[in-house]
Amino acid sequence: MANGFYWKLAVHNVKNNRVMYGPYFFASTVMSAVYFIILNVVFNRSIANMSYGATIQAMFTLGIVVMTLFAIGYIFYINGFLIRRRKKEFALYGILGLEKRHVLRIIIWENVIVNGCSLIAGLLSGAVLGKLVMFCLLRVLSTAPGSYYQISLPALLLTCFTFGIIFIATTCYNALQVHLARPVDLLHGAKKGEKKLRGVIPLSLLGLLILAFAYILAIVVESPGIAISLFWPDVILVIIATWLLFVVGCYFVLSRLQKNKKFYYRPENFITVSGLLHRLRRNASGLANICILSTMVIVTVSCCTALFFGQESILRQWHPADVIIGFVDQGETAAQVMQQAWQLSEETAAQSGLQLTLVEQLTPSELTSTHYSGIFGEHQSSDYSYLAFNVQGNSEEITPWLANLLSQLPKTGSSGYIYSEIFSERAESYALYGGLLFLGVFFALLFLTNTVLIIYFRQVSESYDDRRRFVIMQQVGMDDQAVKQTIQRQIRTVFLLPLLGALLHAAAASPMLITMLEAFQLYNSWVTLACVAGTGLAFIVFYLLVCKLTARTCYSMLKC
Amino acid sequence: MVLLQAVDLVKTYSGRLGGRRYSALDKVNFQVEQGEFTAVMGASGSGKTTLLNLLASLDKPSQGDVILNGQSFRSIDERRLAAFRRQNLGFVFQDYNLLDTFTVRDNILLPLVLNRAAVEDMEKRLIPLASRLGLESLLDKFPYEISGGEQQRTAVARAMITNPKLLLADEPTGALDSRSSANLLDIFSEFNAQGQTIVMVTHSAFAASFSSRVLFIQDGRLLTEIYRGDEPRRAFFDRLVNASSSLMDGGANVG
């Protein structure tokens, strides 16, 4: 048979399965686009030449490693989901007389079409959106010394290489699935029974205990250093607990409800409880995944935003005033020297169009240890007089003015003066936290895309089963309205559980996040709390919107 | 006493975009007496399932009416229809239509729960019915854990637990092997002997031979009816096979 036949069949299949392939295509497009953009930033020369550009690039390189792992895991996950749904179709091909190698050819063509298109779409949108992303990045970093977006060949090749490998791997996996498929099994392989769960009570208790332990750990830990080293173990504990609680905990609660006959045998509870039990058992792992991914989104975004919005507070920790100058003890003339220096500063500042406000002017005897530790660091041995002031005005004028001022300051005595200024550190901090925020947003975007897709696939597979139940219940004598309501109530409960779980996790994690961010000198816990709360709220809105949209898509899909 | 009456039932389906009209039922009239076991026989496409759906109030006739126990289906409000169905009718389908989220016990109890029956009352009804149908040991299993015959008996129990005025069965033996079929039909006969009115739709002369009267339907019209009288089942079966082959060009199935 001619190759054109397989090609046509593959195109036909992709078209017919667009409900399933569409989201897969979308997911791999988004992933390859983000991957491509980040790689372009990594390979960008103009960024490397930027001050602290190296910091950003190092961070992004680390990001790429994490992303690669994530992309592999995720694409395999959706692919597995797709292929499981289509096993029956493959069996049918076998029965119709197509040999396995023929089916294989169809699958290869399908994968080439879907993956090729998504890679091309990803690269194109990466190239186009990259400009916008670069613009935003430079805005966030607050520095734009002639940087521009350029598409680099290595980035292009590396993206193609990575995703090419992933796609080849999924194709091999699918081929293996076809190879293992036996037509008879598949046609008869109707519903698999649900195994009885064992050890429900001890496992539920274990889940609760682990969760409580993880929460308490997150709340009581006080030292930032310990918090950072405990963060990942704690995350793993929470993941294990979430899994346990979703898989056995819900089962435990619902089967308890089922045992209470007076409660269970009421029309409102009867169908809802058993329906939920059924759904939760089939979807427990998917729901636990949604919960964990959602928590990751909330935690990542709130940390990054907290650091970004808290960086002024971090900077102020080290720099109570924009510029601080300390003069080595001048004895009787100390006050005079400082006065001169202040006048000089004001005069030069006025010439550059800047305004100065005096914060403090202290003689050595007035200086306290707090002044020392923050500003002079190790120079604590000798006595200093202390001049601190803030600067307002055009930020581009500040650096030349400051250099000029420092060169003009009177250098009396042997060691002259020492100084500290906030501006260069601010630039570095923007590079660091801005870059971090940026990566955070990228990751959140990926996590979200994936959360959305898991929700979508769950709902699609649910709604097929629901349709059958819907018809039966009507025949047994339930009216349309009631059937629709109970099914919707179940779906709502099923999808609200992970959201509630994620919010609870995030709330319990916030004390730990506050402590951890103290390691970055962010002592303003309100910033952190506000960021967690804001992210949580935004996430709730987004999540509910997605559930509504996908539910609507599913129902309209089933109707026609 | 007449329990069920079909009056001039017409059901037409129109093709898409008002294309060719297709008539599934054409002026069907018949009556079912209280305590009768009636079979409706016909080949596939003869309109027998359409007829059953109308009798079950699952579908609305284009013209005509169904009257159960003096109550016209047309006079029942759409919202009350589900409750009416639940309280007066029991169904058994070809593919069992059990809910796989429920155990056998809960599948059987479903109509009672919807009727808000008391828990003690449920138990009282369930135990004798289940033992009669040989389901006692299966009550806590799920539908996918038991055989087809057992699933169909569960469906019968679900239909019978409300003590319906009328039991409707749509090809109840269609998916069963011959032993389970005979077993199920014996159960039907037993229920009938105790006064249960049954209307069963089937294409199989074997299944129909368990009834007391058979209506033949073809192309949406009732052709004739045959009463069993005091005849033994075997003889009635032979008569049905002869009748169906002469009436319907061999459209009926002997099995």
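Heavy-atom basis, side chains included; hydrogens, waters and symmetry copies ignored. First the proteins, then the strands, lettered A, B, ... as listed; each starts at 1. Remember, predicted model here, so these are calculated numbers, not experimental data.
- The residue among B:Leu112, B:Thr162, B:Leu109, B:Leu99 with the most heavy atom pairs within less than 4.5 Å of chain A is B:Leu99.
- For the pair A:Thr493 and A:Leu276, the minimum side-chain heavy-atom distance is below 4.5 Å.
- Interface remark: B:Leu114 contributes backbone and side-chain atoms alike to the contact with chain A (heavy atom separation under 4.5 Å).
- With a 4.5 angstrom heavy-atom cutoff, B:Ala117 touches chain A only via backbone atoms.
- In this structure, chain A has heavy atoms under 4.5 Å from both the backbone and the side chain of B:Val113.
- Only the backbone of B:Leu98 comes within contact range of chain A, with at least one heavy atom under 4.5 Å from a heavy atom of that chain.
- Both the backbone and the side chain of B:Arg86 have a heavy atom closer than 4.5 Å to some heavy atom of chain A.
- Side chain to side chain, B:Ser72 and B:Asp65 meet the donor-acceptor criterion of an N or O pair below 3.5 Å.
- Electrostatic pairing of B:Glu150 and B:Lys141 does not count as a salt bridge here, judged by no charged N lying under 4.0 Å from a carboxylate O.
- For a residue to count as touching a neighbouring chain, one of its non-hydrogen atoms must lie under 4.5 Å from one of that chain's; by this rule B:Arg158 touches chain A with the side chain only.
- Side-chain atoms of B:Asp177 come within 3.5 Å of backbone atoms of B:Arg179 as a donor-acceptor pair (strictly under, hydrogens ignored).
- Note on ring orientation: taking the six-membered ring where Trp is involved, the planes of B:Phe37 and B:Phe188 are perpendicular (angle over 60°, cut-offs 30° and 60°).
- For B:Phe73 and B:Phe84, the ring centers sit closer than 6.0 Å to each other.
- Interface residue B:Asp106: backbone and side-chain heavy atoms are both found under 4.5 Å from chain A.
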